[in-house]
Each structure stands twice: as C-alpha cells, then as structure tokens.
Amino acid sequence: MKIALAQLNYHIGNFESNTEKIISAINKSRKSGVDLVLFSELAICGYPPKDLLERKEFVEKSKSALQKVAEHCIDIAAVIGGPSVNPHPKGKNLYNSAYFISNGKIESIHNKTLLPNYDIFDEYRYFEPNTEFSLVELKGKKIAITICEDLWETQPVDNNFAKSALYTISPMEELSKLNPDFVVNIAASPFSYNQQDLRTNILKATSERYQLPIFYVNQIGAHTELIFDGDSLVMNSKGEVAKRLNYFEEDYQIVDLEAIENKKAEARNVNYIEKIHDALVLGLKDYFGKMGFTKTTLGLSGGIDSAVTVVLAERALGKENVRVLLMPSEFSSDHSIKDAVDLAENLSIQYDIVPIQNIFQEFQKSLEPIFDDLPFNVAEENIQARVRGTLVMGLSNKFGHILLNTSNKSESAVGYGTLYGDMNGGLSVLGDVYKTDVFKLAWFINKDKEVIPENSIVKPPSAELRPDQKDSDSLPDYDVLDGILFRYIEKNMSSEEIIQDGFERVTVQKALRLVNMNEYKRFQTPPILRVSSKAFGFGRKIPLVAKH
C-alpha cells in the first residue's frame with residue numbers, strides 16, 4: 001500500500017483555498033499510484049476555528065467542502081479532518097472528526113476522543129468526546145484512525161494534558177482490540193521550541209506499546225499567535241522514525257507501507273534558536289499574508305530588540321515591504337543612531353529620521369504648570385515613549401503599514417514597557433522570546449555575515465529615556481531574571497521553589513512582584529507569536545485583580 005502524507009498550510013474559514021489544496025494533493029496522489037492520502041486535523045476549515053464553530057453556516061460550509069472533495073476520491077482514499085454534527089440530542093453539537101473518503105463519497109466518520117482543555121486548547125467548549133470505536137479497511141489492511149491527542153495517553157503523568165484529562169477511556173486500548181494493521185493520526189499540534197522531542201517520544205511509546213506503525217500528519221502555517229511547524233512523520237512498529245517531513249514549509253511525501261519496517265530516517269537535530277527564528281519568520285509571513293497585509297513599520301532604535309525584529313520582518317516580507325522610523329531623543333547616543341542607520345542600509349530598507357526632542361519639550365511645557373517643580377521621573381520617560389508610539393502609528397495609518405511591536409518576553413513579564421508607547425503594535429514578534437534568547441537570535445542572524453551591527457548586540461541594553469540609563473538600573477541581569485521568569489511562567493514554580501534552585505530571595509521576590517502587578521499591561525498588548533510552551537496571551541489566563 002502506498003500512503004501519501006500531505007502537510008499543508010490552511011487558512012481558517014477559507015474553504016475555497018483549503019478545498020483547492022486538498023483536491024490538488026488528491027489528484028497528485030492518484031497520478032502517483034497512491035492508495036491513501038492523509039491530511040491534518042480540521043484541515044477543511046483550518047485549525048483552530050474557535051467560536052466560528054458556533055455558526056451554523058460555518059459548519060455547513062465545512063460539510064459542503066468535504067462533499068466537493070469526495071467527488072475527487074475516485075480510485076483513491078483520503079482521511080481529512082473536519083467538524084461533524086453530533087446526531088444525539090445530548091452533549092455538544094459537534095465532533096472533531098476525521099472523514100474517511102473513498103469511492104466518491106464519505107464512507108465513515110471517526111471522532112476525537114481525548115479533547116485537550118489546557119493552555120491554548122479549549123476543544124471541550126465545542127466538541128463532544130467520542131465513545132465509539134471502529135476501523136476502516138482498505139486493500140486488505142485494517143486502519144485505526146485517530147486525531148492528535150488520542151495518542152497522547154502514553155505521555156508522562158506530570159504533563160499538562162495528563163493533569164487536565166477529562167476522560168478515562170483509552171482510544172488506542174479500544175482500537176487495538178480490533179487488531180489494526182497500522183494507525184493514522186491527523187493532528188494540529190502547534191510549535192514550541194521543545195515540542196519535537198515530546199511528540200516523537202509520544203509516538204514512539206505508542207508504537208512500541210502496540211507494535212504498530214503510525215502515520216502522523218501535522219499542519220504547518222500560522223494562525224495569529226499559533227505557529228504550526230509540520231514535522232509530520234512515519235513511525236514503524238519498532239518505534240523508529242522511518243520518514244520525517246520538513247519543518248515550517250508545506251511538504252508531501254509518499255511512503256510504501258511494506259517498506260517502512262526496514263527504514264530509519266536520518267536524525268535531525270536543529271538548534272532551538274534556529275527553530276525559533278524559522279517559526280517567527282513563518283508567523284510574520286502568514287499573519288500578513290492571511291490578513292491581506294503587505295507592508296510593515298516599526299521604530300528602529302539601535303537596540304537589539306528592534307534590530308532582531310526588523311531582520312525577521314525583512315526575511316518574512318521582503319525589503320521592499322519594510323519601512324522604519326528612527327526617532328532619536330536628547331538621550332540617544334550617537335552610536336545608537338549610527339547602529340540603526342547601518343542596519344537599515346545593510347537590509348536595504350527605507351528609513352526616515354524624525355527627532356523627538358522638540359516634540360518632547362512641547363509636552364513638558366504644556367504639563368509644566370501641572371507638574372510644577374516635581375523632579376524628572378518615569379512620567380517624562382513614558383512621554384517620550386508615547387511620542388514615539390504616536391509618530392510610528394501615524395506612519396502606520398497614513399501608509400497602511402502594520403506596526404510591529406518589539407517588546408521581548410522578559411520586558412513584558414516585568415512590565416518594563418510603556419502602554420500606548422513602545423507597547424503599541426498590531427503583532428508582537430518577540431513577546432514570547434526571553435531577552436537572553438534575543439541575544440542568541442541576533443548572533444544566529446549574524447552567523448554568516450554581520451547583518452546586525454555588533455555594537456547593537458554587545459552594548460548594555462537601554463531604553464535611553466534618561467541620561468546614561470541602563471536596563472540593569474531597574475532589573476536584575478537578564479541571565480538571572482530569565483532564569484527566574486522561566487521557572488515561574490513555564491514551570492509554575494513557587495517563589496520558595498525558585499529560591500531553592502539557587503536564586504537570591506530578594507531578587508526572586510522583586511521579580512515575581514513585578515510579574516504579578518503588571519498583568520494589566522499584558523492584557524492590553526498585541527497578539528504574541530507563540531514559540532514556547534507557555535506564552536503570554538490566551539493560553540495563560542491570570543486574573544487582573546487578584547492577591548496571590
């Protein structure tokens with residue numbers, strides 16, 4: 001049996017485009033003598049559709065699109081993800097389903113059993129869990145069709161999914177009783193930089209436990225915050241990877257079922273910084289492409305965050321679609337201005353210089369009767385940031401360029417940013433990247449030649465909103481701060497547990513206090529491209545008004 005894995009980039013609600021992609025892959029497969037072609041979870045409508053699933057016409061369009069696809073499944077079979085209506089009066093209205101299509105029609109529907117309900121996932125809001133199990137037969141082979149988390153029962157018990165599992169039923173235990181020859185798993189598993197090992201280990205454990213080959217198809221592409229990396233694979237019955245598809249791009253591979261037992265794919269070890277780089281470029285490209293945007297802008301300061309952001313934007317959108325503003329103040333160093341100019345010229349992007357000193361002084365004059373003789377403090381610092389935010393938003397509005405936010409995760413965590421100033425933007429590029437990793441991204445960008453001026457990387461980070469200002473005046477060194485933040489945000493460790501890991505009590509308490517008191521700021525930030533297991537945004541739900 002020849003099986004094709006179609007790893008495609010879908011667009012939520014774009015039924016015409018999604019259907020065309022699927023039909024094209026089916027036709028290609030038929031011409032290549034393929035017996036079965038596999039597509040990812042909710043492929044027909046795009047994942048995650050969220051509350052669009054509550055719209056009757058959305059579900060009806062999904063069904064119509066699947067019927068259109070079925071007309072092309074002659075002399076070939078396909079497994080395609082899509083929502084299906086729950087015919088029973090009790091429970092949720094829909095199932096998250098895999099459609100087995102053959103002979104020009106939908107032959108059977110197989111529903112997802114284990115619905116994730118943690119972090120970014122909220123499937124139990126929309127779908128009813130499956131309780132019935134059956135196989136499909138094709139060319140004398142019996143196939144178990146599963147959807148994403150249905151294979152995740154074998155993961156470690158301390159993982160989020162195991163903690164939040166709502167069901168005790170085991171899909172693979174039930175399906176294995178029916179003696180399948182192999183397993184199909186269609187998925188929409190979003191990227192995080194440590195996800196590959198987790199996925200591979202889960203599939204390996206399932207394959208070894210049931211001694212069955214697994215054909216795993218994941219989607220690629222980005223849907224606002226969520227980035228899907230693909231990395232579809234075929235696992236033989238010994239738990240060995242026989243075939244692996246590409247990261248961060250559409251891919252299509254044909255595999256001979258009878259040949260996979262003696263095949264072992266070459267190990268692929270990609271540095272996590274390279275993965276983050278590629279994920280962010282894809283996230284930017286798809287956000288703009290799927291929203292119908294083409295051009296972007298941002299404030300280029302000469303610092304490392306804006307430098308890394310503009311390089312990613314140029315790589316995602318092209319130099320002709322990036323325009324930046326340099327907005328020096330009386331506190332900006334000559335070197336910062338030169339670094340920003342050098343970077344813009346290295347990238348061959350358009351830049352404009354608009355000094356803000358006179359504008360800032362006008363604000364000071366206007367507020368002088370109210371501020372009286374009070375000393376210069378954070379109020380004046382934030383006015384400068386808001387002047388810059390206003391100017392770059394003016395360029396955005398005038399020319400239709402989408403403003404990119406350049407704040408990193410460390411700054412967002414502790415509130416080291418100005419609302420309606422440097423926190424402006426339509427999309428946050430680095431909001432899930434700690435400052436220490438921003439430095440690593442910069443060095444990765446410069447691995448072949450100097451793109452980002454080295455001074456932007458090695459100089460002490462500074463907002464340059466007062467004389468000789470440095471981030472370290474207000475914050476612990478980033479090596480220390482990021483270690484604390486990672487443990488608190490990603491690992492959910494308490495202050496005492498973090499202190500036991502070797503961090504100073506005063507530093508830990510200060511950092512966690514800053515995280516907790518700045519939740520209101522993060523609530524107002526743009527969508528953040530997610531590259532970690534716990535990003536700020538809809539996957540992290542913390543009360544704004546709380547005492548904990």
>> Using salt bridge (charged side-chain N to carboxylate O under 4.0 Å, His left out), reason through Lys459 and Asp339 one step at a time and then give a plain yes or no.
In response: CA-CA 11 Å; Lys459 69 183 178 184; Asp339 292 338; 3.7 Å; yes
> Does the pair Phe363 and Gln384 meet the rule for a side chain to side chain contact (heavy atoms under 4.5 Å, CB included), with working shown?
Replying inline: CA-CA 9 Å; Phe363 271 90; Gln384 294 170 82; over 6 Å; no
> How far apart are the C-alpha atoms of Asp482 and Lys409, what are their side-chain angles, what is the distance that settles it, and do they pass the salt bridge (charged side-chain N to carboxylate O under 4.0 Å, His left out) test?
Replying inline: CA-CA 9 Å; Asp482 288 353; Lys409 190 171 187 175; over 6 Å; no
>> One pair to check against side chain to side chain contact (heavy atoms under 4.5 Å, CB included): Tyr488 and Val508. What are the steps and the verdict?
In response: CA-CA 10 Å; Tyr488 189 56; Val508 171; over 6 Å; no
> Passes salt bridge (charged side-chain N to carboxylate O under 4.0 Å, His left out), Glu274 versus Lys447? Steps please.
Replying inline: CA-CA 11 Å; Glu274 183 175 352; Lys447 63 183 173 61; over 6 Å; no
>> Determine whether Val433 and Val531 satisfy the following criterion, side chain to side chain contact (heavy atoms under 4.5 Å, CB included), listing intermediate values before the conclusion.
In response: CA-CA 7 Å; Val433 182; Val531 295; 4.1 Å; yes
> Which is it for Glu497 and Lys491 under the salt bridge (charged side-chain N to carboxylate O under 4.0 Å, His left out) test, yes or no, and what are the steps along the way?
Replying inline: CA-CA 10 Å; Glu497 289 172 321; Lys491 305 296 285 185; over 6 Å; no
> After noting the C-alpha distance and the side-chain angles of Phe439 and Ile457, does the key distance pass the side chain to side chain contact (heavy atoms under 4.5 Å, CB included) rule?
Replying inline: CA-CA 7 Å; Phe439 284 109; Ile457 305 174; 4.1 Å; yes
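Judged by distance alone, with hydrogens and angles left aside, the side-chain atoms of Ser456 form a donor-acceptor pair with the main-chain N or O of Gly302 at under 3.5 Å. Of the possible polar contacts, one joining the Asn405 side chain to the Met423 backbone as a donor-acceptor pair under 3.5 Å is found. Put simply, the side chain of Ser428 gets close to the backbone of Gly431: a donor and an acceptor are under 3.5 Å apart. Using modelled atom types, no side-chain atom of Arg522 and backbone atom of Gly537 make a donor-acceptor pair closer than 3.5 Å. The backbone N or O of Ser410 sits less than 3.5 Å from a side-chain atom of Asn408, completing a donor-acceptor pair. No donor-acceptor pair under 3.5 Å is formed between the side chain of Asn321 and the backbone N or O of Thr296. A donor-acceptor pair under 3.5 Å links the side-chain atoms of Gln7 to the main chain of Ser232, judged by distance alone. With Asn201 contributing its side chain and Asp197 its backbone, the two residues share a donor-acceptor pair below 3.5 Å. Judged purely by atom type and a 3.5 angstrom limit, Gln524 has no side-chain atom pairing as donor or acceptor with the backbone of Lys521. Within the 3.5 Å criterion, the main-chain N or O of Phe486 finds no donor-acceptor partner in the side chain of Lys534.
For the pair Lys440/Tyr434, no side-chain contact is recorded, criterion being any heavy-atom separation below 4.5 Å from C-beta on. Residues Ile489 and Arg540 have side chains in contact (heavy-atom distance under 4.5 Å, counting atoms from C-beta outward). For the pair Met235 and Lys204, the minimum side-chain heavy-atom distance is below 4.5 Å. The shortest distance between side-chain heavy atoms of Arg388 and Ser329 falls below 4.5 Å. The closest side-chain heavy-atom distance from Met493 to Asp501 is below 4.5 Å. Residues Ile220 and Asn246 form no side-chain contact, since every pair of their non-hydrogen atoms from C-beta on lies 4.5 Å or further apart. Residues Phe538 and Lys50 are in side-chain contact: their nearest non-hydrogen atoms beyond the backbone lie under 4.5 Å apart. Annotation: side chain of Thr525 is not in contact with side chain of Ser407 (no heavy-atom distance under 4.5 Å).
Side chain to side chain, Ser189 and Asn218 fail the donor-acceptor criterion of an N or O pair below 3.5 Å. Side-chain contact annotation: Asp305 with Thr406, donor-acceptor N/O pair under 3.5 Å absent. There is no side-chain donor-acceptor pair under 3.5 Å between Tyr193 and Asp432.
The residue from Leu114, Leu198, Leu203 that alone fulfils the side chain to side chain contact (heavy atoms under 4.5 Å, CB included) condition with Trp152 is Leu198. A side chain to side chain contact (heavy atoms under 4.5 Å, CB included) with Val310 is found for one member of Val322, Val451, Ile452 and no other, namely Val322. Checking Phe248, Tyr247, Phe228 one by one against Phe191, the ring pair (Phe, Tyr, Trp, His ring centres under 6.0 Å) holds for a single residue, Phe248.
To the nearest 0.5 Å, atoms CG (Asp422) and CZ (Arg386) are separated by 9.0 Å. Put simply, CD on Gln361 and CD1 on Ile356 are 10.5 Å apart, with the number rounded to the nearest 0.5 Å. Here Leu403 contributes atom CG and Met393 contributes atom CE; the two are 6.0 Å apart, rounded to the nearest 0.5 Å. The structure places CD1 of Ile528 at 12.5 Å from OG1 of Thr224, a figure rounded to the nearest 0.5 Å. For the atom pair CD of Glu362 and CD1 of Ile383, the computed distance is 12.5 Å after rounding to the nearest 0.5 Å. Atom OG of residue Ser301 and atom CE of residue Met327 lie 8.5 Å apart, to the nearest 0.5 angstrom.
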Name the atoms and distances for all side-chain donor-acceptor pairs under 3.5 Å in residues 277-292, with sequence neighbours left out.
unit_1	atom_1	unit_2	atom_2	d
His277	NE2	Arg315	NH1	2.8
Asp286	OD2	Asn9	ND2	2.8
Asp286	OD2	Ala222	N	2.8
Asp286	OD2	Lys290	NZ	3.3
Tyr287	OH	Gly426	O	3.3
Lys290	NZ	Asn9	OD1	2.7
Lys290	NZ	Tyr10	O	2.7
Lys290	NZ	Ala222	O	3.1
Lys290	NZ	His223	NE2	3.2

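Nearest heavy-atom pair across Val392 and Leu298 is CG2-C, 3.8 Å. Heavy atoms only, all atoms of each residue included: Ala511 and Ile484 are closest at CB-CG2, 4.0 Å. Between Phe121 and Ala188, the shortest heavy-atom contact is CE2-O, 4.5 Å. Of all the heavy atoms in Asn18 and Gly46, the pair that sits closest is ND2-N, 3.9 Å. In terms of heavy-atom proximity, Glu380 sits nearest to Pro375 at OE1-O, 4.2 Å. Considering every non-hydrogen atom in both Pro328 and Ile337, the closest pair reads CB-CD1, 3.7 Å.
With salt bridges taken as basic N to acidic carboxylate O contacts below 4.0 Å, none links Lys541 and Asp122.
Checked against a 6.0 Å centroid threshold, the rings of Tyr520 and Phe523 do not count as neighbours.
Remark: Arg323 is positioned above the aromatic ring of Phe399, its terminal NZ or CZ atom under 6.0 angstrom from the ring centre and at most 45 degrees off the axis.
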